[in-house]
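Reading through the structure tokens given below for one structure.
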Amino acid sequence: MTLRLEIANSFANDVFTKFGLGVTVLSSRDEVFEISVKVRVNSELFAWLFKNAKYVRIISPQRVIDDYKDSLLLALDNLK
């Protein structure tokens with residue numbers, strides 16, 4: 001699936017290490033840039049996104065955003 005992500009500029013090296021140099025950079029602003037990347041959406045990706053939530057935000061597709069939120073809510077619910 002193709003994801004659109006917003007990345008903090010300070011995290012660029014980590015993103016290119018994770019996804020390779022074939023990442024499509026869509027736009028760049030002062031502190032962030034947007035990429036498009038083909039990935040397998042699974043629990044490992046969600047774990048990576050959570051671990052790096054300070055630097056990475058899912059922009060689209062909405063279905064992946066919703067699935068990610070559901071995974072986070074399930075994890076929070078398991079703390080009770």
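Note that the structure is a prediction, hence the values are computed from the model and not measured.
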In sequence, state the C-alpha distance, the side-chain angles, and the governing distance for Leu74 and Asn78, and then conclude on side chain to side chain contact (heavy atoms under 4.5 Å, CB included). CA-CA 6 Å; Leu74 178 63; Asn78 284 335; 4.1 Å; yes
Test Leu49 against Tyr68 for side chain to side chain contact (heavy atoms under 4.5 Å, CB included), laying out the working first. CA-CA 9 Å; Leu49 288 167; Tyr68 181 57; 3.8 Å; yes
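Interatomic distance, Leu72 CG to Asp67 CG, rounded to the nearest 0.5 Å: 11.0 Å. With rounding to the nearest 0.5 Å, the separation of CZ in Phe11 from CG in Asn52 is 3.5 Å. Atom CE of Met1 sits about 11.0 Å away from atom CG of Leu45, to the nearest 0.5 Å.
Partner of Trp48 under the side-chain contact (heavy atoms from CB on, under 4.5 Å) criterion, chosen from Asp14, Val39, Val56: Val56.
Residue pairs satisfying the side chain to side chain donor-acceptor pair (under 3.5 Å) criterion with at least one member in residues 35-46, sequence neighbours excluded, are listed as follows: Asn42-Glu44.
A chain of hydrophobic side-chain contacts below 4.5 Å, direct or via other Ile, Leu, Val, Met, Phe, Trp or Tyr residues, connects Val41 to Phe19.
Of all non-hydrogen atoms in Leu5 and Ile59, the two that sit nearest each other are C-CD1, 3.9 Å. The minimum heavy-atom distance between Pro61 and Leu3, with the atom names listed, is CD-CD2, 3.5 Å.
Looking at Asp77, its side chain never comes within 3.5 Å of a backbone N or O of Leu73 through a donor-acceptor pair.
Not counting sequence neighbours, Phe16 has no partner by the ring pair (Phe, Tyr, Trp, His ring centres under 6.0 Å) test.
Atom CG of Leu79 is surrounded by more than 12 heavy atoms from other residues, nucleotides or ligands within 6.0 Å.
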All N/O donor-acceptor pairs, side-chain side in residues 24-33, below 3.5 Å, sequence neighbours left out:
residue, atom, partner, partner atom, Å
Arg29, NH1, Glu34, OE2, 3.3
Arg29, NH2, Glu6, OE2, 2.8

